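Data block below; observations after.
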Amino acid sequence: MSLSDIWDVLVLGVVLGSLYAVIAIGYTLVYGVLQLLNFAHSEVFMSGGFGGVIALTLVEPAAGPTGLQSAGYVLLGMGAGAVLGGAVAFGLEKAAYQPLRRRNAPRLVFLLTAIGASFFLYNLAGKLFGRYPMKMPTMYENKKLFEVFGAGVSVTQLIIVLAGVLMLLTVDLVVNRTKLGSGIRAVAQDPEAAALMGVDIDKVVSRTFVLGGLMGGVAGFLFGTNLQVDYTMGFLPGITAFAAAVLGGIGNVRGAMLGGLTLGVVESFTVEIWGDAWRYVGAFAVLVLVLMFRPTGLLGERVGRTA
Amino acid sequence: MPNKNIVRLAIPVAVGGLLLTGCSSDDGGSTIKIAYQGPLSGQNVGLGENMERGVQLAINEANASGDYDFELEYFAADDQGSETEATAAAQSAIDDTDVVAVVGPAFSGPTEISAPLYGQAGLAAVTPSATNPTLTEQEFGTFLRAVPNDNAQGAAMADFLAAQDGVDSVMVIDDVTPYGEGLSDVAVASLEEAGLDVQRQHVPQETVDYGNAARGVVESGVDALIYAGYYEALGPFTTRLDEAGFDGIGISGDGSKDEELVNLGGDATEGWYLTCPCTDATEEPGLADFAERYEAEFGLAPGTYSAEAYDITNMIIEQIAGLGGDPSREELYQALAGVEYQGLTKSFSFDDAGEFTNEAVFFYQVTDGVIGYLGGTEELIG
C-alpha cells in the first residue's frame, strides 16, 4: 500500500467514522441519563434520512444549482433531517419510555420496549414511504474538491466531516457548558439527588432524547446523501454506532466520538486489506480486544463524571 | 357466575363455527390456487412485484375467459428475497391445500431453502428467475427452472467482453448472495477461458459505503467490471465508481435489470450493459399485445420477468385443465416436468434434472436514462 493509498483509505474511514460518531452520541447520552440501551435510535437515524428526502423532493432542487443554492439545499436537508429525527426521538420517549419510567418498570422491560419500538418504527416507515430504496435528490455536483496528500476529497465527504465535527463540538459544549448540560450530568450522576436539588428529571430526559435525535437525524440525512435512503437503513449503522459508543465507554460523550472515528477508520483499512466481506470483522475484533483489557471502554467513565 | 362464563365461551365458539361452515359450504371444491413466492416486501420488492403482476394477469384472464370450469385464485408467499423468510413463505403455500403449484421462488438464495420443502410436499415449484446453476444439481424433487441458468449469462458476458477491442483485464465483483456468487463463478471461469486477465472481489449486499470498493476497481486499472448482484446495491455503487473516476465498461446481470437501477444510480449508470435471459416485453413484436393488457390492468409497463411469469402461470393453468381441472399436486408436477409449451417469450421444456432446455441470453444497455434493448447474444457478437 503506497502512502497516497493510505490517505485515500483514511479519508473514507474518517467520513464513515464521523457518521458513526454522531449516531453514537444519541446512544451514549440516553444511556448516560437512563442507563437505557435505546435500540430504537437507529430508527431515529433512519427518519432523518426520510426527512431529508421528503423536504428536498418538495423543493425540487434546480438542475445545475449555484453554490449558494446548493448550500441552501444541504442546509434544508440537514434541517429537515434534524427536525424529523428530533421529533421521532421526542415522541418515542413520550410514548414508549416515559410511561415505563412512571411505573418504575424493570430494565429488561425498557430494553424490550426499545427493540419493539425499533421494529414498529422501521415497518411504519416501510408502510408510509414504500419499501423501495430512494435516492437523495441531487443538491450539487459531487466533484473532487481538493487533495490531502494525494487523496481526493469530494463535496459530500467534506460536508459529512464538517457537519460531523461541528455537531460533536456543539454537543460537547452543550453537555459541559450549559444549564441543560448540567442537568444532564446531574441526572446521569444521581437522579434522586438531582430531583431533590430541583432538577426536572422528565424535562431533562426528554431534552436529552431530542438532542440525540437532532444529531441522529442529521446523520441520517448525510448517510442517505452518501448512499441511499430506505426503511432498513438504520440497522447496520445503528449497531455499529452502538458498538462505537461501547468502545469509547458507554455514557461518555467524548468516548462515543473517539469510538465512532476508530471504528470507521478500522473498517476502512480492514476492507482495503482483506476485502469488503471482512468489513465488520476487523472493527468488532477491535471492540472485543479493547473490552477484554478495558471493560469500561477506551475513555471509561459515564457522562456524569467526565466533565 | 358460571352462566356468564358459558356465554363468554359460547360467542367465539359460535362465531368460529359460522366462519368454518361459511368456508366449506360455498366453494364446491373447484377453487384452485396458484402461489407465487418472491420478494413482495424488502429491498428487492421491485423485482418481485414485476413477476407477481404477471402471475395475477394470467389468473385474472383465465377466470374472465370462461374457458375453464374451475375458479383460480392467487396466493402470495412473500419471502422478501431472503433465506431467513424462505421457510415461512414456502410453508404458508404448502399448508394451504388449495395451492396446486408455485411460480417461484424468485431468487436463488431462498430457492435453496424453499425448494426442498416443496419437494417433500410434492408441490411443483417453477421458477421464472432463480438462475444459480447449482440449484438443479441438488435434486430438490419438484423444482423446475423455466429460465436459462447463470452459466449462460456468465458465458454471454465473457464472450461479449472478449469481443470488445481494448479489453484485456476484467474485475468481477459479487454481492456474496447465492445468486451473485454463482453468476460470478461462471463469469470468472468463462473469462479465464477466453484468455482475459481476471480479478475477483466480494462486496456484501448491505455494504454501508461503496467508496472502498470503487477505489479498488479504479486502482486495479481494469478495462471492464462485471457486477454480479442486485440493482439496489449497484445503484449507489455506480455513483461511487463515477466519483472515483472509473471509465471502463460495466456489465451486470438480470438481478440489476430494473428501472430502479437508473433512479438510484442516476447518470452514473449511463452506458452500463445488462444481460438477462429475459426478452423485453415492450420491444418484442409478439409481446406487444401482452404489454398492452398488462398496462391496462396495472397502469405501468411490464418489468423484468413479468412476461416469463405470465407464461409460466398460463402453462400451469393449461396443465390443470388438461388434468380435468382438479389435479393432485403430484399429478400436476408430473405433467409440468414433461411439458412442451410454447409461451409468448419462449418455448418451455425441462430435462430430467428440471433444468431449462433453452439457452438464449439478451443484452440491454442504459442509454439516456432508460434500459434499452440491444438484442440477443448472437446478434451482438455474431
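Numbers restart at 1 for each chain; the letters A, B, ... are given by sequence-line order, proteins then strands. Please read these numbers as outputs of a predicted model, since none were measured by experiment.
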Test item: Y132(A) and E49(B) side chains (from C-beta on) under 4.5 Å apart, heavy atoms: yes
Structural part of E206(B) lying under 4.5 Å from a heavy atom of chain A: both
Contact origin within T232(A) toward chain B - heavy atom pairs under 4.5 Å: side chain
Note, N142(A) side chain near R240(B) side chain (heavy atom, < 4.5 Å): no
Student check: side-chain heavy atoms of R279(A) and N212(B) closer than 4.5 Å: yes
Segment of Y20(A) engaging chain B (4.5 angstrom heavy-atom cut-off): side chain
Residue among V208(B), V176(B), V45(B) with most heavy-atom pairs under 4.5 Å to chain A: V208(B)
CG on L40(B) to CZ on R131(A), rounded to 0.5 Å: 11.0 Å
Segment of E232(B) engaging chain A (4.5 angstrom heavy-atom cut-off): both
Closest heavy-atom pair and its distance - K135(A), N263(B): CD-O, 3.2 Å
Value rounded to 0.5 Å, distance of OG1 in T239(B) from CG in N226(A): 10.0 Å
Nearest atoms (heavy-atom pairs only) where L227(A) meets T207(B): CD2-O, 3.9 Å
Engaged part of F235(A) at the chain B interface, taking heavy atoms whose separation is under 4.5 Å: neither
Carboxylate-amine/guanidinium proximity below 4.0 Å for R215(B) and D5(A): yes
Proximity breakdown for M136(A) and chain B, heavy-atom pairs closer than 4.5 Å: neither
Exceeds 12 heavy-atom contacts within 6.0 angstrom, atom CG of D267(B): no
Structural part of F237(B) lying under 4.5 Å from a heavy atom of chain A: neither
F129(A) atom CZ, over 12 foreign heavy atoms within 6.0 Å: yes
Side chains of D276(A) and Q201(B) in contact at under 4.5 Å (non-hydrogen atoms): no
Heavy-atom contact with chain A under 4.5 Å, split by part of Q205(B): neither
Considering all heavy atoms, the nearest E260(B)-P133(A) contact: OE1-O, 3.8 Å
